[in-house]
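Taking it in order: structure first as structure tokens, then the write-up.
The figures that follow rest on heavy atoms only: side chains count, while hydrogens, waters and symmetry mates do not. Residue numbers start at 1 and run along the sequence shown. Remember, predicted model here, so these are calculated numbers, not experimental data.
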Amino acid sequence: MLMDHELSAQELALKRKFIAARGYWREWTDFLLRHDPKFLDFYARYGGHAAATGPLSQKLVELLYVALDASSTHLFGSGLVLHIRLALENGASVREILDVLRIATAQGLHGTLAGVAILAEELAAAGVDAGLEKPLSQAQEALRNSYVAQMGEWPAYCSYLVQHDPEFLALICEMNQFDGEGLDAQSRSCIEIALAACFTGYSEPALRSAIRRALRGGVEADAILQVLQMTAHLGVHSFSLGVPSLQEVLGSS
């Protein structure tokens, strides 16, 4: 990695600008500084805009990056370590970071629940009675009330699960009961939106539900917009992973 004294005044100014906007400097940014400084300058403005423009606190910004890098749809280890450290430096607690990781774990339900809803639709289209109109038992009714109290809605997949696998639906409710032990409700909503909106794990049903709950919980539209903009940041990992590979190939040729 180039030392500051090896840089021209223009290069040093660009490096400092990038660090001020993004909070880090890595070997791939060092490489771009020499080989593609125009894109490096653009990315400082592009990546920095979403993080700095909007009502989200710097702590929540870093927690959002933790969620995105920790997501099983992305699993970007070096970025995860960086943003955990920055989150802690900006006042995040260990409990809050663990809550972020728990919400990221729940992201695994997105495909399952969307699939259950499609299954119910296709059974109906095929003329198969899935028993969705069957009266609920007392236990099933209690489960329904619990889910609605937590999520504020009763989507189609719940109607199917409560009849065909109520124990699994109860486990979903149990996972939701961990809410509030670290993150506040509005921060949790922002994390849920980010995980559903990110292109690596996009789920329209989960995203629509998360935005609906966030608005109902008092999250401002400007905050939701900032979260949605931040999810695009993960695209730069093509550079953070690709540039070292390019350097390796160049070094071996």
Establish whether Leu183 and Leu215 are linked, either directly or via other cluster members, by ILVMFWY side-chain heavy-atom contacts under 4.5 Å.
yes
Where do Glu62 and Arg85 land on the salt bridge (charged side-chain N to carboxylate O under 4.0 Å, His left out) test, with the steps shown first? CA-CA 9 Å; Glu62 294 303 332; Arg85 181 167 61 250; over 6 Å; no
Exercise. Can Ile103 be reached from Leu75 by stepping across I, L, V, M, F, W or Y side chains whose heavy atoms are under 4.5 Å apart?
Worked result: no
Rounded to the nearest 0.5 Å, the OG1 atom of Thr29 sits from the CG atom of Leu33 at a distance of 8.0 Å
Taken to the nearest 0.5 Å, the spacing of Ser137 OG from Arg144 CZ works out to 13.0 Å
**Prompt:** Out of curiosity, does Val116 fall in the hydrophobic cluster containing Val128 (side-chain heavy atoms, cut-off under 4.5 Å, transitive links)?
**Reply:** yes
Taking C-beta and beyond as the side chain, do Leu56 and Cys190 meet within less than 4.5 Å on heavy atoms? yes
Side-chain contact test, heavy atoms from C-beta onward, threshold under 4.5 Å: evaluate it for Asp69 versus His74 and give yes or no.
yes
* Dump the intermediate steps for side chain to side chain contact (heavy atoms under 4.5 Å, CB included) on Leu109 and Phe168, then the final yes or no. => CA-CA 11 Å; Leu109 287 168; Phe168 185 69; 3.7 Å; yes
Check: Is any NZ, NE, NH1 or NH2 atom of the basic residue among Glu204 and Arg208 found under 4.0 Å from an Asp or Glu carboxylate oxygen of the other?
Finding: yes
Between Tyr157 and Ala117, the two heavy atoms sitting closest are CB-N, 4.0 Å
Review point. After noting the C-alpha distance and the side-chain angles of Leu113 and Leu161, does the key distance pass the side chain to side chain contact (heavy atoms under 4.5 Å, CB included) rule?
Key: CA-CA 9 Å; Leu113 300 181; Leu161 286 175; 4.0 Å; yes
On a heavy-atom basis, the closest approach of Met175 and Ala106 is SD-CB, 3.3 Å
Residues Leu132 and Ala120: closest non-hydrogen pair is CD1-CB, 4.3 Å
Rounding to 0.5 Å, atoms OG1 (Thr231) and CZ (Phe199) come to a distance of 8.0 Å
Quick one: are Thr200 and Phe76 in side-chain contact, heavy atoms under 4.5 Å?
no
Might you confirm whether atom CZ of Arg16 has over 12 heavy atoms from other residues, nucleotides or ligands at distances under 6.0 Å?
-> no
When every non-hydrogen atom of Ile193 is compared with those of Ala214, the smallest separation belongs to CD1-CB, 3.7 Å
Expected output: side-chain Thr105 to main-chain Leu101 donor-acceptor under 3.5 Å:
yes
task: Kindly indicate, with the supporting measurements, whether the criterion side chain to side chain contact (heavy atoms under 4.5 Å, CB included) is fulfilled by Val243 and Gln247.
output: CA-CA 6 Å; Val243 167; Gln247 291 177 294; 3.9 Å; yes
task: Please work out which of the three classes, parallel, tilted or perpendicular, describes the rings of Tyr147 and Trp154, given edges at 30° and 60°.
output: perpendicular
Exercise. Going by heavy atoms in the side chains, are Ile97 and Leu88 under 4.5 Å from each other?
Worked result: yes
Report task. Decide yes or no for His233 and Arg22: does some side-chain heavy atom of the first lie under 4.5 Å from some side-chain heavy atom of the second? Result -> yes
Value for CG (Leu169) from CD (Glu174), rounded to nearest 0.5 Å, stands at 12.0 Å
ask   = In terms of hydrophobic clusters joined by side-chain contacts under 4.5 Å, are Leu225 and Ile191 together?
value = no
Between Pro37 and Leu14, the two heavy atoms sitting closest are O-CD2, 3.6 Å
task: State plainly whether one hydrophobic cluster holds both Leu40 and Leu241, where clusters connect Ile, Leu, Val, Met, Phe, Trp and Tyr through side-chain heavy atoms under 4.5 angstrom apart.
output: no
Requested in this report: Can you establish whether the number of heavy atoms outside Gln10 located under 6.0 Å from its atom CD is more than 12?
Outcome: no
Closest heavy-atom pair, Arg95 versus Gly182, reported as atoms and distance to 0.1 Å, is CG-CA, 3.4 Å
_Ser146 side chain to Leu143 backbone, donor-acceptor under 3.5 Å_ = no
Is any side-chain heavy atom of Asp99 closer than 4.5 Å to a side-chain heavy atom of Arg102? yes
Report task. Check whether any side-chain N or O of Glu153 sits under 3.5 Å from a backbone N or O of Ser209 as a donor-acceptor pair, and report yes or no. Result -> no
Q) Will you find, in the side chains of Gln150 and Asn176, an N or O donor that is under 3.5 Å from an N or O acceptor? A) yes
- Would you say His164's side chain and Gly131's backbone share a donor-acceptor pair under 3.5 angstrom? no
Discussion item. Quick one, Leu86 and Tyr65 - any side-chain contact, counting heavy atoms below 4.5 Å?
Written reply: no
Value for CE (Met151) from SG (Cys158), rounded to nearest 0.5 Å, stands at 8.0 Å
CD1 (Ile19) and CZ (Arg26) are apart, to the nearest 0.5 Å, by 10.0 Å
Any donor-acceptor pair under 3.5 Å linking the side chain of Gln186 with the backbone of Gly217?
-> yes
Inset, instruction - In sequence, state the C-alpha distance, the side-chain angles, and the governing distance for Asp30 and Trp25, and then conclude on side chain to side chain contact (heavy atoms under 4.5 Å, CB included). - result: CA-CA 7 Å; Asp30 210 53; Trp25 188 256; 3.2 Å; yes
Could you check whether any side-chain N or O of Ser71 sits under 3.5 Å from a backbone N or O of Leu68, counting only pairs where one atom can act as donor and the other as acceptor? no
Next on the checklist: Angle between ring planes, Tyr24 versus Trp28, binned at 30° and 60°: parallel, tilted or perpendicular?
Outcome noted: tilted
Within the structure provided, determine whether Glu27 and Pro244 are in side-chain contact (heavy-atom separation under 4.5 Å).
no
Q: Measure from the ring center of Phe39 to the ring center of Phe239 and say whether it is less than 6.0 Å.
A: yes
Exercise. Using modelled atom types only, decide if a donor and an acceptor are shared between the side chain of Gln140 and the backbone of Val162 within a distance under 3.5 Å.
Key: yes
